[in-house]
There are 2 protein chains.
Amino acid sequence: MQSDHSQRPTLADVARKAGVSGKSVSRVVNGEAYVSAELKAKVDAAIAELGYVPDLAARSLAGARSFTISLLLDTNGQDYVIQLLEGAYEACKLNSYHLRIENLDATASNESLLERLDEVMRHSRLDGFILAPPFSDNTAIMDWLEERQVRFTRVAPCIERERSPCVFVDDAAAAGEIAQYLVSKGHRRIGLVNGSPRHGAAIARRTGFLDKIAEIAPDAELVEATGNFRFEDGIDAGKALLGAGNPPTAIFAANDRSAAGVMNACAQLGISVPDDVSLCGFDDSWLAKLVWPYLTTVRQPVSDLGREAARLLIEKDTGEGAPKQIMLGHSLIERDSVRSLDQ
Amino acid sequence: MQSDHSQRPTLADVARKAGVSGKSVSRVVNGEAYVSAELKAKVDAAIAELGYVPDLAARSLAGARSFTISLLLDTNGQDYVIQLLEGAYEACKLNSYHLRIENLDATASNESLLERLDEVMRHSRLDGFILAPPFSDNTAIMDWLEERQVRFTRVAPCIERERSPCVFVDDAAAAGEIAQYLVSKGHRRIGLVNGSPRHGAAIARRTGFLDKIAEIAPDAELVEATGNFRFEDGIDAGKALLGAGNPPTAIFAANDRSAAGVMNACAQLGISVPDDVSLCGFDDSWLAKLVWPYLTTVRQPVSDLGREAARLLIEKDTGEGAPKQIMLGHSLIERDSVRSLDQ
DNA sequence: CTGAAAGCGCTTACAG
DNA sequence: CTGAAAGCGCTTACAG
């Protein structure tokens with residue numbers, strides 16, 4: 001690859017061809033102020049003619065930027081990982097940035113997580129990190145990054161949102177919409193399969209759901225089951241909820257994966273969805289259409305979350321001081337897993 | 001980050017502390033030959049004391065290596081992407097390499113794919129690429145990389161395996177085992193849901209399956225349906241295969257995803273798996289246990305494929321000239337979607 | 001608004 | 001087996 005690179009035009013080549021100094025070429029390339037239109041035109045022409053592309057390693061060595069950002073995530077059983085990756089990749093590509101991946105184990109101790117981060121930072125330069133859940137709510141990681149003045153943005157944080165630029169969806173409101181939807185369909189005995197207490201989103205969904213029920217149907221009976229966002233949790237919760245006497249007529253599971261688990265429990269128990277029990281998920285992951293019947297759920301624009309998180313990291317702060325918080329919209333996706341009790 | 005980096009110990013610091021030249025430190029760090037044990041010990045001690053880590057950007061700028069490799073994949077609907085990523089990431093981490101992602105659209109023209117690769121290579125230095133399916137069978141990409149003398153390894157290639165180091169599973173043999181298994185359970189009217197003709201693996205699975213049937217049960221009736229590895233294809237194929245008269249008693253779908261589609265078709269048609277029809281998938285993706293009944297399938301060690309592909313890229317060729325081909329084992333995973341006709 | 005010089009932290013020839 | 005010098009291709013102060 002060395003030979004390949006040694007034939008590439010350099011900044012000096014561009015400078016020679018344009019008849020200007022290297023510093024001026026650098027100014028144009030970096031979009032700095034105080035460049036006359038005339039000079040810029042000459043440089044741009046030379047760049048185009050030579051097909052010049054600045055060398056990443058040299059920029060990184062000489063300057064403070066690396067044009068590379070890292071996505072911190074846990075691939076373990078997360079349905080949204082791929083979409084997040086897609087969104088972040090797109091934003092990077094658009095801005096000629098590069099995307100690196102750090103796959104960490106969210107169940108590991110903070111100590112070992114920070115150790116790994118330290119290793120990563122020592123080995124290389126990075127313009128910043130995108131923290132995916134559940135790292136987006138990890139204050140130890142945030143403290144560590146802030147101490148070292150490393151920029152970061154967060155995807156779907158639930159705590160201290162003002163602490164960094166971040167992108168999220170209103171989980172509580174979305175869960176509230178599901179509550180409203182189920183109540184509007186006549187359900188008054190409702191089961192709730194909770195998500196991982198480690199994820200703030202699970203808390204927000206629970207709270208939003210319960211608050212809305214309390215508000216619009218205070219007479220409703222609620223049964224809760226613990227969960228951890230996993231398929232197996234959905235199976236267990238479904239059996240617990242539906243195996244007892246006086247089962248709920250509708251169940252809201254905190255994510256699609258555990259909703260699929262509930263469906264599995266139904267299949268095992270010989271209970272029909274939605275004839276015997278209605279079911280809602282959350283995420284609108286591709287899983288929602290890999291079950292039968294298709295799952296009614298809330299759509300989160302996951303790849304948009306990834307894209308915006310990357311964009312916020314790449315674009316310099318606009319100087320207004322305050323980090324940006326971006327809330328993206330969600331939407332209830334009606335499919336076939338809920339029936340109306342009134343009909 | 002600049003301030004952070006300027007405080008890091010450099011190679012010169014280590015040289016000073018050890019009382020040797022910078023070149024000697026470089027030799028030790030790079031594990032070069034012709035270093036006396038005594039000198040190496042001094043340098044190692046100084047490195048440990050200072051906590052020295054070589055700077056990636058500087059190494060990359062000065063030398064021919066970048067310690068970064070890129071995984072070329074298409075995230076679109078591929079169940080194995082995450083596992084591949086996990087495996088490749090692990091191998092990189094172990095060797096202090098960094099993993100970058102390029103997410104390309106496999107349905108795009110070769111021209112636009114190569115254009116993007118060119119962009120990527122111009123922007124930065126890369127020690128090589130891992131080609132994931134279906135790029136592992138894309139000769140245009142291989143030609144392009146070879147012309148530029150860029151190293152690459154391939155995951156699950158089906159053609160020209162000698163052309164690069166690669167890692168794969170014996171798809172034909174694995175499909176043959178499924179054939180044998182179904183025949184041993186008494187099935188003689190068998191459906192086959194094919195995979196994407198774009199993926200060589202689909203061809204190999206079909207051939208392996210048909211050949212084995214012809215060998216051990218030449219009297220068996222076979223019905224084929226086209227497919228493209230997608231869930232929807234499984235639904236369509238399932239309906240086509242099972243909606244007609246004299247339906248098969250067992251179906252082999254070329255991947256788990258389309259097998260899930262077949263299950264969906266069964267649910268829609270009121271057909272029970274495995275009571276009315278038996279079903280096998282391929283991959284043992286996590287989907288296999290997100291359906292009911294759990295899917296009997298063939299397990300591919302996907303994260304191992306990713307790990308080995310990265311390892312082959314990172315480790316220099318051993319100089320024997322011939323690229324390495326590594327075949328990893330597969331195994332039939334018996335679950336609950338197949339029943340024996342004899343009982 | 002523009003430029004000449006120094007330097008980022010390594011590796012590559014080249015000597016010895 | 002070991003080292004002194006040059007250079008990779010940029011950006012950063014610093015001048016003007």
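Every chain is numbered from 1, with letters handed out A, B, ... down the list of sequences.
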Distance in angstrom units between [X] [atom1] and [N] [atom2], rounded:
X	N	atom1	atom2	result
A/N30	D/dA13	CG	P	14 Å
B/D55	D/dG9	CG	P	17 Å
A/R125	D/dG9	CZ	C1'	13 Å
A/L61	C/dT11	CG	P	12 Å
B/K42	D/dC1	NZ	P	15 Å
B/D13	C/dG9	CG	P	9 Å
A/E32	D/dA13	CD	P	12 Å
A/R65	D/dC10	CZ	P	14 Å

So, is [X] near the phosphate of [N], with a side-chain N or O under 4.0 Å from OP1 or OP2?
X	N	result
B/S36	D/dT2	yes
B/Y34	C/dG16	no
B/S26	C/dT11	yes

Nucleotide paired to D/dA13 in any strand shown, Watson-Crick or G-U, under 3.5 Å
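D/dA13 is unpaired by these criteria.
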Tell which nucleotide pairs with D/dA4, taking only Watson-Crick or G-U wobble pairs whose two distances are both under 3.5 angstrom.
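When the pairing criteria are applied, nothing turns out to pair with D/dA4, so the answer is none.
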Considering only [options], which nucleotide approaches the side chain of [X] most closely?
X	options	answer
A/R59	C/dT2, D/dT11, C/dC10	D/dT11
A/L11	C/dG9, C/dT2, D/dT11	D/dT11
A/A62	C/dG9, D/dC10, C/dT2	D/dC10
A/V35	D/dT2, C/dT2, C/dC10	C/dT2

Using only heavy-atom distances, determine whether the side chains of B/Y80 and B/Q300 contain a donor-acceptor pair under 3.5 Å.
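Per modelled atom types, B/Y80 and B/Q300 side chains form no pair under 3.5 Å.
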Less than 3.5 Å apart, any donor N or O on the side chain of A/R154 or A/N138 sitting next to an acceptor on the other?
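Looking only at side-chain atoms, A/N138 and A/R154 do not form any donor-acceptor pair under 3.5 Å.
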Which residue pairs satisfy the ring-ring contact (aromatic ring centres under 6.0 Å, His included) criterion with at least one member in residues 39-68 of chain B, sequence neighbours excluded?
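Pairs touching residues 39-68 of chain B that pass the test: B/F67-B/Y97.
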When you compare the protein's N or O atoms with those of nucleotides 3-6 of chain D, which come within less than 3.5 Å of each other, and at what distance?
{"from": "D/dG3", "atom 1": "OP2", "to": "B/S21", "atom 2": "N", "distance (Å)": "3.2"}
{"from": "D/dG3", "atom 1": "OP2", "to": "B/S21", "atom 2": "OG", "distance (Å)": "3.2"}
{"from": "D/dG3", "atom 1": "OP2", "to": "B/S24", "atom 2": "OG", "distance (Å)": "2.6"}
{"from": "D/dG3", "atom 1": "N7", "to": "B/R27", "atom 2": "NH1", "distance (Å)": "3.3"}
{"from": "D/dG3", "atom 1": "O6", "to": "B/R27", "atom 2": "NH2", "distance (Å)": "2.9"}

So among B/V29, B/V25, B/D44, B/V28, which one has a side chain to side chain contact (heavy atoms under 4.5 Å, CB included) with B/V14?
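That would be B/V25.
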Looking at B/D137 and B/R161, is there a salt bridge between them, counting it only when a charged N and a carboxylate O are closer than 4.0 Å?
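Between B/D137 and B/R161 there is no salt bridge, as every charged N stays at least 4.0 Å from the carboxylate O atoms.
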Are the charged groups of B/D55 and B/R8 less than 4.0 angstrom apart, N to O?
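A salt bridge is present here (some side-chain N lies under 4.0 Å from a carboxylate O).
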Backbone of B/T75 reached by a side-chain donor or acceptor of B/N103 within 3.5 Å
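Judged by distance alone, yes, a pair lies under 3.5 Å.
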If only atom types and distance count, is the side chain of A/R27 paired as donor or acceptor with the main-chain N or O of A/E32 below 3.5 Å?
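Checking the backbone N and O of A/E32 against the side chain of A/R27, no donor-acceptor pair under 3.5 Å is found.
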Judged by each residue's nearest nucleotide on DNA chain C, which is more toward the 5′ side, A/A37 or B/A57?
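Closer to the 5' end of DNA chain C: A/A37.
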